[in-house]
Amino acid sequence: MQFNSFSEFINMGGYGFYVWLSFGVSALLLVILLISSKADHQKIINNIAKQKQREDKLRQARELRKQQASSAQDEAEQATS
Amino acid sequence: MKSLSYRDAFFLVLKRDITIALRHRDDIINPLLFFIIVVTLFPLGIGPEANTLSQIAPGIIWVAALLATLLSLDRLFKSDYNDGSLEQMLLSPHPIFLLVLAKVVAHWLITGLPLIFIAPLLAVLLHLNEQSYGALILTLLLGTPVLSLLGAVGVALTVGIKKGGVLLSLLVLPLYIPVLIFATSAIDTASIGLPYSGQLAIIAALFFGSLTLAPFAVGAALKVSTN
Amino acid sequence: MKSLSYRDAFFLVLKRDITIALRHRDDIINPLLFFIIVVTLFPLGIGPEANTLSQIAPGIIWVAALLATLLSLDRLFKSDYNDGSLEQMLLSPHPIFLLVLAKVVAHWLITGLPLIFIAPLLAVLLHLNEQSYGALILTLLLGTPVLSLLGAVGVALTVGIKKGGVLLSLLVLPLYIPVLIFATSAIDTASIGLPYSGQLAIIAALFFGSLTLAPFAVGAALKVSTN
Amino acid sequence: MLLKGENLTCIREDRLLFDDLNVEINAGDIVQVEGPNGSGKTSLLRILAGLSQPYEGNVLFKQTAISQCREEYHENLLYFGHLPGVKGEMSAEENLSFNLALHGLDTSETHDDLAHVNLLGFEDSLASHLSAGQHRRIALARLYQSQAPIWILDEPFTAIDKQGVASLEQRFTEHAEQGGCVILTTHQDLLAISSDKVKKITLDYAFE
Amino acid sequence: MLLKGENLTCIREDRLLFDDLNVEINAGDIVQVEGPNGSGKTSLLRILAGLSQPYEGNVLFKQTAISQCREEYHENLLYFGHLPGVKGEMSAEENLSFNLALHGLDTSETHDDLAHVNLLGFEDSLASHLSAGQHRRIALARLYQSQAPIWILDEPFTAIDKQGVASLEQRFTEHAEQGGCVILTTHQDLLAISSDKVKKITLDYAFE
Amino acid sequence: MWKWLHPYANPEVSYHFTGRLLPWFSALAAILLSIGLVWALLFAPADYQQGDSFRIFYIHVPAASLSMGIYFGMAIAALCSLVWQLKLADASAAAMAPVGAVFTAIALLTGSAWGKPMWGTWWIWDARLTSELILLFLYLGVIALHSAFEDKNLAGKAAGILTLVGSINLPIIKYSVEWWNTLHQGSTVSKLGKPSMSLDMLWPFLFCFLGFAMLVAVIVCYRFRNEILARNSIRPWVRELVSARATHK
Ligand code: HEM
Ligand SMILES: Nc1ncnc2c1ncn2[C@@H]1O[C@H](COP(=O)(O)OP(=O)(O)OP(=O)(O)O)[C@@H](O)[C@H]1O
Ligand SMILES: Nc1ncnc2c1ncn2[C@@H]1O[C@H](COP(=O)(O)OP(=O)(O)OP(=O)(O)O)[C@@H](O)[C@H]1O
Ligand SMILES: [Mg+2]
Ligand SMILES: [Mg+2]
């Protein structure tokens with residue numbers, strides 16, 4: 001152990017500001033990077049889920065239109081017959 | 001319908017432009033990076049002596065700010081012109097100067113403001129005299145809006161011309177020269193500890209002058225360009 | 001049909017690009033004017049002392065040349081991309097690197113060459129040491145083609161991106177740094193009467209290196225951007 | 001009478017496109033400007049919208065020259081040109097909302113409007129990620145909200161599929177019936193609108 | 001068999017446009033790619049031309065993957081996209097000459113080609129001074145010289161007037177009869193080509 | 001020869017494989033870093049010239065060398081993707097770029113913070129410093145290019161080309177800057193009088209270095225897996241995975 005007291009440790013032989021600035025900023029940047037990388041995972045998964053929902057919606061709209069078209073056709077046929 | 005007040009119309013356009021910039025985050029980051037890169041090019045071209053650098057630092061920072069603004073200018077109307085949005089805006093039932101003003105304000109918020117935050121960092125890189133930091137910030141704060149406003153006139157005039165990129169700089173740079181001269185002179189004055197309020201007052205005058213006149217000039221120029 | 005030799009294809013594209021530039025004479029004049037204006041901004045921003053100026057002259061001239069080239073770069077592919085000509089060129093039965101090379105040569109003839117003619121004049125304005133003129137011209141002659149070639153890679157990468165303007169500078173400027181450093185160092189060395197053939201040799205090496213590699217990188221990049 | 005062009009003359013590149021043209025457009029009209037490529041259709045439409053000045057002549061909106069009453073005229077005008085005015089960086093919905101809001105229209109029903117132009121499911125896609133036709137449809141969605149009586153549309157059917165063209169034509173009829181007017185150009189035949197309802201202005205000076 | 005697409009899959013923006021599509025195009029075919037807006041017609045054409053890579057699958061020209069024989073394929077291909085590839089700064093004639101020369105074609109008869117697309121009298125006008133349709137016609141003039149058997153045309157009729165459309169259709173028929181093939185998209189009906197001569201590829205995955 | 005690699009070129013396999021590696025990497029990183037940092041901050045001796053400011057060394061040097069190492073890795077990945085058309089190589093390059101940029105930034109920041117007490121200035125235009133700054137620009141260029149393309153596969157290819165061009169350029173930059181510097185100035189600021197490193201300084205340094213390297217591996221793994229998911233979003237295996245994991249609102 002190089003330091004006798006906590007305050008000495010914080011002071012770092014007069015270089016406290018620079019040492020803690022370096023360690024602090026580095027830790028901050030790395031933690032942000034780590035967390036954002038992890039958080040992206042869920043974000044991407046949610047995006048893909050949303051994508052899937054959108055596709056489902058499209059498919060429904062498509063089916064509805066198909067039904068409408070066929071029923072319209074039926075009507076037209078009935079009208080002619 | 002038709003109930004949109006001046007204020008609403010202003011904020012509508014402002015919000016739209018800022019949304020687009022945030023969406024395309026590069027729009028904010030890139031002029032900033034350009035600013036930084038240009039500032040770092042000079043030490044590379046000139047040599048690393050701290051003395052020389054600190055002497056020419058105000059000039060370099062301001063020239064770089066000027067060029068960064070210049071390069072970002074064509075975002076102002078060019079893309080709106082190319083996709084027809086500008087036409088639609090000119091056809092909207094609002095005074096044109098209002099919409100123009102909103103676009104210019106958005107442009108400044110996107111490109112001018114970030115420069116002001118990053119400038120002190122670059123000043124460190126160039127060993128700017130410590131007494132000059134205040135003057136640097138103040139001149140940038142008053143000067144960059146002038147750059148956006150005057151630049152808007154230039155873009156508006158060149159927007160209809162294909163490949164107006166470099167012609168624009170020809171039109172705009174001479175207009176920027178007074179700002180450059182007074183701003184660097186203010187910073188130099190500050191570095192030897194003298195008051196620089198005179199120069200600041202002139203820049204402020206330029207600011208208010210261009211704020212009131214430029215939007216109308218831009219409006220007229222746009223009408224000509226889209227003809 | 002199909003009888004077009006490599007040489008013919010090269011000259012066909014070269015001639016077309018130069019025709020367009022001559023038609024639109026601004027294309028030649030504007031980078032030149034930008035160069036001049038940037039160089040004259042510095043005495044305004046820094047102050048007129050001859051000593052300081054002559055010391056920083058090589059750096060300023062070279063940085064200005066670099067920025068002028070940068071600003072003129074998007075003429076290289078952007079307009080061809082926007083109107084579909086680029087697509088057509090990629091679909092022509094010629095090797096892409098050949099067409100790319102023709103376009104880059106045209107770009108250099110249009111923007112690089114005029115800079116070399118005007119540079120001595122600006123050197124006078126900045127009180128460049130008289131012994132350095134030869135070095136200035138030689139470095140520009142060997143260096144500006146490198147700027148065009150490396151710049152072409154950057155434009156090719158960003159041409160499909162909306163508003164790539166400032167992103168381009170971010171990509172390209174780091175690549176320009178060696179040229180800047182060796183060129184200014186050659187000029188400085190010349191000013192104290194020492195031989196600068198070492199620096200020149202390196203710039204020449206950069207030139208031949210980029211001449212052989214860049215067209216292929218550009219070709220690959222264009223295929224990606226137009227996808 | 002909604003809109004009137006008096007003695008309009010247009011010269012481009014020393015070529016006289018039309019000379020002394022008089023146009024009168026009333027509520028309920030559907031006017032198709034016809035003519036081969038390069039006959040001056042776009043030029044005429046831009047003059048009527050006030051985007052270009054004619055070489056000679058005047059455009060009157062309710063008896064006033066449009067340069068005299070610019071803002072009032074623009075409140076009553078919807079213009080759709082060769083370029084659709086859609087920003088690639090915004091989603092379909094954001095584009096439409098902005099366009100509507102700029103003209104003081106209600107932005108609460110953008111969903112329905114987008115459904116009208118068959119963009120359901122693409123509300124949140126960036127416009128630059130859509131196909132040529134879908135891109136133009138975003139701009140056309142405005143037609144389903146617009147309260148402006150005068151519509152000036154330059155080739156609205158470009159890149160639109162058949163079903164889309166049919167529903168647009170139906171919308172034009174509705175608009176005319178509600179007292180508006182539509183001035184349009186197209187090289188296709190109008191199918192859903194009976195030809196006796198369509199007034200035609202034929203430009204063919206250059207080739208006559 | 002001139003051109004073949006094997007198991008083509010295309011994904012844009014996470015949307016599957018087509019999946020496992022097989023296309024075979026022989027000499028003499030006129031193929032119309034059909035589908036509503038956004039169904040992937042342009043995407044398919046760009047893949048066939050080699051401008052985009054499919055997510056999966058291959059395009060074969062005379063049994064060879066086109067990435068393997070790029071230059072030979074391009075000698076045999078004429079592609080015309082949404083953008084016409086015409087430079088506004090050059091005159092109509094200069095544009096055409098360049099386009100022809102780039103593909104190794106004869107440039108001595110540009111006058112006749114321009115006459116075919118009704119641009120007589122506009123040879124020396126700058127392309128940017130022409131109307132929307134005239135602008136596209138400059139690019140289309142190449143069709144009257146081209147010796148490439150494979151034509152891929154994305155909405156060639158956009159902005160073209162009726163007479164122009166008719167003469168283009170006639171040119172397509174000629175080309176097919178001479179042993180070429182035409183792959184095109186359009187939202188208009190082909191009028192001058194009898195419908196039994198036209199093969200159709202229908203894309204409507206998204207809306208099926 | 002490449003056969004053994006083949007299964008790992010399958011996105012699904014590499015997704016699960018990296019998933020299995022992750023906990024091991026994380027544990028190693030945590031252990032090595034906590035030992036190394038505690039040792040460096042508390043037990044390592046102060047430098048006889050620089051005093052306790054020397055402790056910045058334990059971050060600065062690993063960060064600086066990793067910043068260059070990651071670029072090297074990226075260049076190799078880019079080369080693989082261009083030569084063998086490996087889509088996964090693109091994904092890994094994309095995963096590395098932001099990590100490299102952060103480490104470059106850390107090297108710059110800690111260097112500056114060390115320079116202020118040692119050299120009396122936050123920044124000088126020294127060769128090493130300048131080339132590190134340019135490296136940061138290269139990283140930022142790659143990242144910006146990545147984010148500018150919407151299609152991630154295209155983005156990967158474009159960024160790959162840029163990475164390769166940059167990697168050819170990097171030695172030239174380094175050389176030029178060094179040369180430029182010695183030519184202009186006889187070193188006005190005395191560079192670090194290189195202490196022959198004693199063992200009780202070397203050990204904590206080794207722990208820190210390996211710890212940071214492991215941390216890089218962890219973060220790159222996370223990002224790599226994200227890239228794989230985003231690029232394969234329509235694959236059935238991704239769809240299944242998503243329906244199991246999506247948070248429903
Ligand atoms: C912004 C400022 C600085 C930057 C960008 C920087 C950058 C670098 C780089 C790139 C390396 C090479 C790492 C490697 O080769 O693996 C390095 C190593 C090193 N730096 Fe710095 N540095 C900076 C400031 C400082 C300061 C102020 C000191 C000390 C007074 C310092 C001390 C060292 C030491 C001791 C090494 C290891 C040298 C060796 O063994 O090769 N650095 N730095
Ligand atoms: N640049 C792009 N980025 C992402 N997605 C795109 C892009 N271009 C097109 N798409 C998507 O691909 C789909 C098909 O587009 P494509 O241009 O092939 O359609 P199209 O059939 O040619 O339609 P149109 O008839 O409107 O021309 C669109 O729905 C769109 O969602
Ligand atoms: N920007 C311009 N500068 C000079 N002349 C122009 C310009 N634009 C058009 N012209 C000329 O005006 C004529 C008419 O153009 P206009 O765009 O009005 O035609 P149009 O009827 O809309 O044709 P299209 O059916 O092709 O759209 C053209 O023949 C052209 O010569
Ligand atoms: Mg028209
Ligand atoms: Mg299409």
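Reminder, nothing fancy here: chain letters follow the sequence lines and each chain counts from 1. In this text, all values refer to a predicted model and were calculated from it rather than measured experimentally.
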Derivation and outcome, side-chain contact (heavy atoms from CB on, under 4.5 Å), residues F/W123 and B/L126:
CA-CA 8 Å; F/W123 181 262; B/L126 295 175; over 6 Å; no
Is chain B contacted by the side chain of F/T130, its backbone, both, or neither, given a heavy-atom distance below 4.5 Å?
side chain
If we only count heavy atoms from C-beta on, is the F/W125 to B/L53 side-chain gap below 4.5 Å?
yes
The criterion is salt bridge (Lys or Arg N to Asp or Glu O under 4.0 Å); which residues satisfy it with F/D90, sequence neighbours excluded?
none
Interatomic distance, CG@F/L136 vs CD1@B/I36, rounded to 0.5 Å, equals 8.5 Å
Heavy atoms of other groups near B/Q131 CD, more than 12 under 6.0 Å:
yes
For the atom pair CG (B/L121) and OG (F/S112), what is the distance rounded to the nearest 0.5 Å?
8.5 Å
